[in-house]
Amino acid sequence: MILSRSFLDRLAPLEAEGRYYVMLDEIQHHLEDGLDEGRWAQSDIFADGELAALVARLDDAAGDYECYWHTRRWLEKTAEAARTDFWYGAMARACLYTGEARAALRWAREGVRRFGGQGLLAAMAAVLNAWDGDVPGALAVLDEAFAREGESPVLARLRAAVAANAPLEELAVCAAPAEKEQQVRALAPGFLADGAGLGRVSAALGAREWVFESPWCYCRVPFGDGFLDMRLRMSEAAASKLDPAWLAALAEALPRLEKEGRPLAQKRRPGVRLAPAEVLVDRQGRAQLGYHAGHCPEEPLYVYVMIGHDLSAPAQLYEERWPASWFDATPAPLAPPPPPAPGYTPAQTAALQKHIFTWFGPVSRVLPGADGISVLIIDPEPGREYYTLLTWGMGARPMEMPPDLVGQRLERAELMMLLPAGWKVEGEREIWRWPVRWLRLLARMPAEQGTWLGWGHTVPNGRPFAYNTLLCGSMLVDPLDAPEPAAICPLPGGESVNFYQLLPLYAPEMDLKLGEDADGLLDAMESKGLLDFPWVQVDRPCAVGELEPPPPDLLMVQLEELDRRADDEGIAALLAEQAGDSPRLAGMLARSLNNLGRYEDAAAALKRVEAAGAADPLWHFRMGFSLYYQGKLDEALACFEASDRMAPGDGDAETYLRWCRAALDLPVCLEPFPDRAARFWAAFAEQEDALAEKAFAQGCEGVRPALKELLGLCFPAPEFKLEPAGEKLRLTLLWQNAPHRRWLAPTWKTLAPAHLSRWWEFAFDETPPLWAGYQSEPTGKKGLRRDLIAGTTCFEGLQRAFAAGDASFCAAAAADGAVPGYFYYTPAPGEDPVARRAALEEALARQGAGSLAVLGGAVGEKRCYIDVLALDLEKALTAAARLLTPPDCTGAGFAPFRPGAKGTPLQKNK
């Protein structure tokens, strides 16, 4: 059975607590791990009838519509041979509860034909036969069930309902246990569709582009000048029963609700521009408004606020999630399966079997793999008090060797690992499983990646193999506790299979090997007696320096249990006082804080162990994660690059690297400066009377702290001056230490509400900026602005920083919600490019007023450039897209003044 007894025992406490979703997630992760490690194939999963019954039972216990849809998808894939009477009853119920009554009837009748009427199957067959008008057939099924199982309250009640010709909804309630009646009544509107009702719903919403794609329904509803996606989290049948009047009121209120919900969502994602993305409607007459909250369009992260049935202002953050879930399609394998490899010939197999028996001992059992890689287990015995694990199948496919090694008979290899006698080789927990998983992973690597493995090669894992060890990589060496001939098995025909033992290493040992060589590391380990015990020791000393001692066993057991339950609050609370300066515990604490959205706290925890974390790719990843969601993209990018450099191939690091670079290339999701300024003025207006009164009574210095906090909504580290101005107070914005704010200040002042002028004046240094011309020689290198000839600028500091590869100006502006960048285009042939550029600069300044400031421009050999500070990048892109169009301009795009950033065509942003 795929789910072992030990795994099921781990799930038992969760079921006792009613944590069915957590159990389903645990099962899903377990299955995915097994697929990735080759312990079973998809066909094995869906040939397991006990697994299918467990999934259906847990889905039914959870009782949501989506859970019954998950049951349908799972049971549809179950192999014919694994379908029992329970399977047919569960399938019929799942089809009925998801709006497919006709399919439910077909499955119920097929189940009765094969197994007779009993239990759940009998109840569902009676309900559906009666609904279809076959009352005698329904009663006959119930009679058979009575004969098999005796009288029961549920069957007796159902028989009376069938005899009374009760409607389908009431029949389904009668067929349910008493504790499930309320749940079935809630699902009943989704049993049968009402065509006229669907028409009324569509008209009430003003919906467009209806799509009924199970399990949910989709449409687009009017919103502002365009449309917003709406998802009805129900079947087509349930959608037809919604209240049209409430839906019409919801559609009309969406602009107001979006405006009122934005501040609540912004608290969850400060510093990120929130774009209205979709509306979710559930069967209880509630809605959630979702905002795209990613730093770039590629990052599919959403924040939702709850909309009550009365359509009052949102007051509750509903959830934050990625759009995919385990209800969606089965995830793709983590890596493509290797191509079919030819097996060993009978003669080769015999030679290998004899070699293994002679030098390593008799094989006790085999862990087969769907990828053609099995793991052989040789049990401990007197004189060899450890387990020997060997791969079988890696060497059946010769590796691709470098030209200088061809002919040295290194093409075939098998891997081995030695484990202490107390190791639970087939244990389910990760502390026991990782050696087998690691053997399989490395055995597949040559075929999957077209590479080779041999003596002295090191392979990093990127992070510790399990929570109870800091071992995080392996080196291939000759067998440590066997005679020299054991390392090579001659094959008939002149080839050989090389046996390499995996020697797990710590990060400092990996660094030593890479800095010197394998012999140097082995000498260092031998000098400390670390090779005297050839089996894996999860807490052995390190050959290079000292390692952090392991945390107490009791603490690690507590942490593992909390992690299994996905209880990040519990982990954070447990480690808040105990992490201290322990890099391992600080990393666990930061992981949980990141999961909880407490990014600044996570960064602070990691900062305390920065010296120890500098060489740890996992420390860099967690710090990058924290910085990314604080909007500190430059710093996050550096962390993810360090993590990827230290542990290349980590999928999570590669994903965040891609998102970081995309967000830096076109940071359209940063909260724009006008939005920040509007937040400041709204907060200032609420407090201005009290501030003015205090300033007049106690002096201006008395209100500086409060003003600094308010201005912090708009400017990190604000600089300002407050002084009396006759009967008023003058608040002057200073920008000498942040030069880009010169172009933010006018918009800041313009957005001030008029009624504030009673007590306040708002000012800034309005000295016109100095314009300077410049000339340069084209560099001859490829890339944007490499062809520059001449131009003018009123922000020389930005030009110099860009030329020097300095991104500090960009980072400072981004912290204020502004983006320094330039539009580029190819001018039409035959016109004066300088004059044309000047005209376009003036037109862009007019059309983009409030969303950008023109800082200058330049002419190149092939392109022209207009330099801007975008206060609201999306609006600035829209304004430029209207101007930089054929036939006067072609190839128009935008790029930030950030070294290495790529250009983005304007056509994509219209």
Side-chain angles (χ1 to χ4, degrees), residues 335 338-339 341-342 344 348 351-352 355-356 359-360 371-376 388-418 435-462 465 471-491 493-506 509-526 530-531 534 536 543 647-649:
Y344 288 118
Q348 291 172 335
L352 277 167
H355 183 89
I356 291 171
W359 298 110
F360 304 118
D371 54 3
I373 305 294
S374 298
V375 175
L376 313 181
T388 302
L389 275 60
L390 301 103
T391 62
W392 179 274
M394 175 182 174
R397 179 187 175 95
M399 297 180 285
E400 298 181 16
M401 304 299 296
D404 58 327
L405 295 179
V406 173
Q408 297 190 27
R409 296 194 293 183
L410 300 174
E411 289 83 359
R412 298 181 186 269
E414 298 288 354
L415 306 178
M416 59 184 292
M417 190 177 285
L418 308 183
V436 173
R437 178 173 55 81
W438 194 238
L439 281 167
R440 291 188 190 278
L441 179 69
L442 266 60
R444 296 198 308 264
M445 183 183 294
E448 291 177 353
Q449 301 182 13
T451 185
W452 70 289
L453 292 174
W455 186 93
H457 285 189
T458 52
V459 184
N461 187 46
F465 289 119
L471 295 168
C472 60
S474 291
M475 182 169 70
L476 277 65
V477 298
D478 291 333
L480 293 175
D481 195 33
E484 186 175 338
I488 301 176
C489 172
L491 296 178
E495 292 185 287
S496 298
V497 173
N498 300 273
F499 284 83
Y500 300 114
Q501 180 173 336
L502 295 186
L503 182 62
L505 301 177
Y506 295 115
E509 295 170 340
M510 298 277 290
D511 293 339
L512 174 64
K513 186 270 176 182
L514 294 175
E516 297 184 12
D517 56 25
D519 286 324
L521 174 58
L522 291 173
D523 289 343
M525 297 182 76
E526 189 170 14
L530 300 180
L531 302 182
V536 172

Got a sec, which residues hit ring-ring contact (aromatic ring centres under 6.0 Å, His included) with Y506, two or more places apart in sequence or on another chain? none
Okay, side chain of R409, backbone of G494: is any donor-acceptor separation there less than 3.5 Å? yes
With T388, which residues qualify under side chain to side chain donor-acceptor pair (under 3.5 Å), at least two apart? none
Of the non-hydrogen atoms in G456 and A518, which two are nearest, and what is the gap between them? CA-CB, 3.9 Å
Partners meeting ring-ring contact (aromatic ring centres under 6.0 Å, His included) with F499 (sequence neighbours left out): H355, F360
Quick one: pull up CD in Q408 and OG in S496 and give me the separation to the nearest 0.5 Å. 12.0 Å
Do the side chains of I356 and E414 get nearer than 4.5 Å, heavy atoms only? no
Residues in salt bridge (charged side-chain N to carboxylate O under 4.0 Å, His left out) with E495, at least two apart? R412
Heavy-atom closest pair, residues S374 and R440: CA-NH1, 4.2 Å
Which heavy atom of L521 sits nearest to which heavy atom of L512, and what is that distance? CD1-CD2, 3.9 Å
When rounded to the nearest 0.5 Å, the distance separating CG of L453 from CE of M445 is 6.0 Å
Provide the closest heavy-atom pair for T391 versus A443 in the form atom of the first, atom of the second, distance. CG2-CB, 4.1 Å
Who pairs with E509 by salt bridge (charged side-chain N to carboxylate O under 4.0 Å, His left out), at least two apart in sequence or on another chain? R540
Please name all residues satisfying side-chain contact (heavy atoms from CB on, under 4.5 Å) with D404, sequence neighbours left out, ordered by chain then number. P402
Carefully, step by step, assess M525 and L503 under the rule side chain to side chain contact (heavy atoms under 4.5 Å, CB included). CA-CA 11 Å; M525 297 182 76; L503 182 62; 3.9 Å; yes
Set of residues satisfying side-chain contact (heavy atoms from CB on, under 4.5 Å) with respect to M510, sequence neighbours excluded: T458, P460, L505
Is there a side-chain contact between L352 and W392, using heavy atoms and a 4.5 Å cut-off? yes
Sequence neighbours excluded and cut-off under 3.5 Å, please list the side-chain donor-acceptor pairs for residues 473-488, or say none.
from, atom 1, to, atom 2, distance (Å)
S474, OG, W438, NE1, 2.8
D481, OD2, Y386, OH, 2.5

Show me the pairs that pass ring pair (Phe, Tyr, Trp, His ring centres under 6.0 Å) and involve residues 394-418, at least two apart or across chains. none
Kindly give the heavy-atom pair with the smallest separation between E411 and V406, and that separation in Å. OE2-CA, 4.2 Å
Check the pair N461 / L471 against side chain to side chain contact (heavy atoms under 4.5 Å, CB included), numbers first and verdict last. CA-CA 9 Å; N461 187 46; L471 295 168; over 6 Å; no
Working to the nearest 0.5 Å, report the span between CE of M399 and CG of L405. 10.5 Å
Atom CG in L415, atom CG in L389: separation rounded to 0.5 Å? 11.5 Å
